[in-house]
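The structure under discussion appears below in the form of C-alpha cells.
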Amino acid sequence: MNVAICDDNKQVAEHIKKIVLIYFAQTNYQYEVETFYSGEDLLNANMDWDIAFLDVEMNGISGIGVSKELRERNPQVKIILVTAYNHYMDDALDLKLCRFINKPVEKSRVISCLSEAITQFANDNSKEEFKYNNGSVFLSANDIVYFCTEDKNAYVFTYDKRIKSHLSFSQLMEKYKNKGFVQTHKSFSVNCRYVDEITPTSVKLTHKGKSFEVHISRRFAKSCKKSIETFLHCFSNEV
C-alpha cells in the first residue's frame, strides 16, 4: 500500500508521517510512506498512490489541483485533505474525497481517516469468482460497471464483458450494497465510481474510455440520485 503525504509545512508533513508509520507498524500491511513538500514533487514522483494526505493550501499547485491529477491517474486513490479552511469543501466534494482533517492535526483524526481509507481500499479490491466462457473470471467491485437482470438471469457488465452471474440479482444487490453500488431500476444497479451524469431518466457511466447508459425508473429516481451524490461526495462525520 503506497501512501503519500504532501504539505509545504515540513513539520506538519512529518507529524502526519509519524502517526501513519505508528499505525502501520501495528498491522500486517506491506506499505510505503513518502512525504513531499510541494504538489509538483508529489506528481513528479509518478507513483501509483493508494492513499494521499494533501494540504489544501500550498505554494504552487494546491491540494485541490493535486487531487484532480491523482484521480485522473488512478480513480481509486483515497484522498484525505488537510485544511484549516472550510470554504474549500465545496470544491473538494466534486473530487470524491475520502475525508477531511482539520488543522491543527490530531492523532485520533489521522488514525480514523487512515483506517477508513484502508477499509474502503480493501472493499474495492476484494474479488468474486464468476463463471465465464467455460472458465472463471475474478472481479473486484472496481471491475464492475453495472449489473442487471434479464430473462430471469443476472448479468454483470465490465468495460469489455457481459457475464452471466451464478448469483441472482437480489444476491448481487446484497453482496455489493456497501461497495458503492446503487439500484436505479428494478432490473439495474450501477457502480457509483463511474457515474458521469444523472438525468431524469438515466445514469451515464464511463469506464476506461467506454460509455454506458442505464435507465432510472421513477420509483428509484429520488433515492438513487441521493445515494449516488452521497457516494461521490464520500463525505461524512465531519468535524
Side-chain angles (χ1 to χ4, degrees), residues 1-2 30 46-51 68-79 95-96 98 117-217 219-221 223-234:
M1 185 169 294
N2 295 324
Q30 292 185 333
N46 200 30
M47 285 188 66
D48 189 13
W49 303 106
D50 301 310
I51 300 171
K68 291 177 179 178
E69 179 62 29
L70 290 182
R71 288 202 176 277
E72 285 287 328
R73 299 178 182 184
N74 175 19
Q76 315 322 325
V77 63
K78 309 306 176 189
I79 294 173
L95 302 175
K96 310 176 189 178
C98 175
I118 290 171
T119 298
Q120 291 178 351
F121 182 85
N123 286 339
D124 288 351
N125 289 278
S126 63
K127 292 183 179 289
E128 174 76 16
E129 180 181 9
F130 292 91
K131 303 298 182 182
Y132 182 70
N133 286 349
N134 299 319
S136 296
V137 60
F138 292 85
L139 302 177
S140 70
N142 290 330
D143 296 319
I144 300 172
V145 180
Y146 70 95
F147 51 84
C148 71
T149 181
E150 182 181 319
D151 297 328
K152 298 183 179 180
N153 294 310
Y155 294 89
V156 172
F157 287 78
T158 69
Y159 85 100
D160 64 347
K161 294 182 178 66
R162 177 180 185 267
I163 302 166
K164 184 176 179 180
S165 174
H166 60 286
L167 300 174
S168 68
F169 182 78
S170 60
Q171 287 172 326
L172 287 169
M173 284 288 300
E174 179 65 24
K175 186 171 187 63
Y176 290 101
K177 69 178 181 179
N178 294 320
K179 295 187 177 183
F181 287 77
V182 62
Q183 190 170 5
T184 66
H185 182 276
K186 67 178 182 180
S187 302
F188 291 93
S189 182
V190 302
N191 190 336
C192 296
R193 297 165 182 81
Y194 304 120
V195 173
D196 272 342
E197 183 181 353
I198 308 171
T199 75
T201 59
S202 69
V203 175
K204 297 180 181 179
L205 308 102
T206 302
H207 184 35
K208 295 185 178 180
K210 187 174 181 179
S211 297
F212 305 82
E213 190 166 356
V214 174
H215 183 60
I216 293 180
S217 68
R219 174 186 170 191
F220 290 96
S223 63
C224 83
K225 184 175 186 292
K226 181 178 179 181
S227 295
I228 289 170
E229 289 176 346
T230 298
F231 180 89
L232 296 186
H233 290 176
C234 203

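Keep in mind the model is a prediction, meaning the values are calculated, not measured.
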Contacts of [X] that satisfy side-chain contact (heavy atoms from CB on, under 4.5 Å) - sequence neighbours left out:
X	result
Glu72	none
Asn2	Glu32, Met47, Trp49, Asp50
Glu128	Phe130, His166, Leu167, Lys175, Tyr176

Taking all non-hydrogen atoms of both residues, which atom of [X] and which atom of [Y] are closest, and how far apart?
X	Y	answer
Ala117	Ile51	CB-CD1, 3.9 Å
Ile216	Cys224	CD1-SG, 3.9 Å
Lys186	Phe169	O-CE2, 3.5 Å

Would you give the length of the straight line joining atom [atom1] of [X] to atom [atom2] of [Y], rounded to the nearest 0.5 angstrom?
X	Y	atom1	atom2	answer
Phe138	Tyr132	CZ	OH	15.0 Å
Phe212	Lys204	CZ	NZ	14.5 Å
Ile79	Arg71	CD1	CZ	4.0 Å
Lys78	Leu70	NZ	CG	13.0 Å
Ser217	Phe188	OG	CZ	10.5 Å

Go through the steps for Thr184 and His215 under the test side-chain contact (heavy atoms from CB on, under 4.5 Å), then give the verdict. CA-CA 7 Å; Thr184 66; His215 183 60; 5.9 Å; no

Contacts table for residues 145-156: side-chain donor-acceptor under 3.5 angstrom, sequence neighbours left out:
from, atom 1, to, atom 2, distance (Å)
Thr149, OG1, Asn153, O, 3.2
Glu150, OE1, Arg162, NH2, 3.3
Glu150, OE2, Arg162, NH2, 3.2

Hey, are the side chains of [X] and [Y] touching, using non-hydrogen atoms and a 4.5 Å cut-off?
X	Y	value
Asn191	Phe181	yes
Leu205	Val195	yes
Asn142	Arg193	yes
Lys210	Tyr194	no

Working note: Tyr159 + Thr206, criterion side-chain contact (heavy atoms from CB on, under 4.5 Å); need CA distance, chi angles, decisive distance, verdict. CA-CA 9 Å; Tyr159 85 100; Thr206 302; over 6 Å; no

Partner residues of Lys131 under the salt bridge (Lys or Arg N to Asp or Glu O under 4.0 Å) criterion, sequence neighbours left out: Glu129

Taking salt bridge (Lys or Arg N to Asp or Glu O under 4.0 Å) as the test, write out the residues that go with Lys127, two or more places apart.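 By the salt bridge (Lys or Arg N to Asp or Glu O under 4.0 Å) rule, Lys127 matches Asp143.
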
Under the side-chain contact (heavy atoms from CB on, under 4.5 Å) rule, what do Ser165 and Leu172 come out as? Steps first, then yes or no, please. CA-CA 9 Å; Ser165 174; Leu172 287 169; 4.0 Å; yes

Check the pair Ile163 / Leu139 against side-chain contact (heavy atoms from CB on, under 4.5 Å), numbers first and verdict last. CA-CA 11 Å; Ile163 302 166; Leu139 302 177; 3.9 Å; yes

Side-chain (Arg219) to main-chain (His185) donor-acceptor, under 3.5 angstrom: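 The answer is no, because no donor-acceptor pair under 3.5 Å joins these two groups.
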
Heavy atoms from other residues, nucleotides or ligands near CZ of Arg73 exceed 12 (cutoff 6.0 Å):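 Yes, the 6.0 Å shell around CZ holds more than 12 heavy atoms from other groups.
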
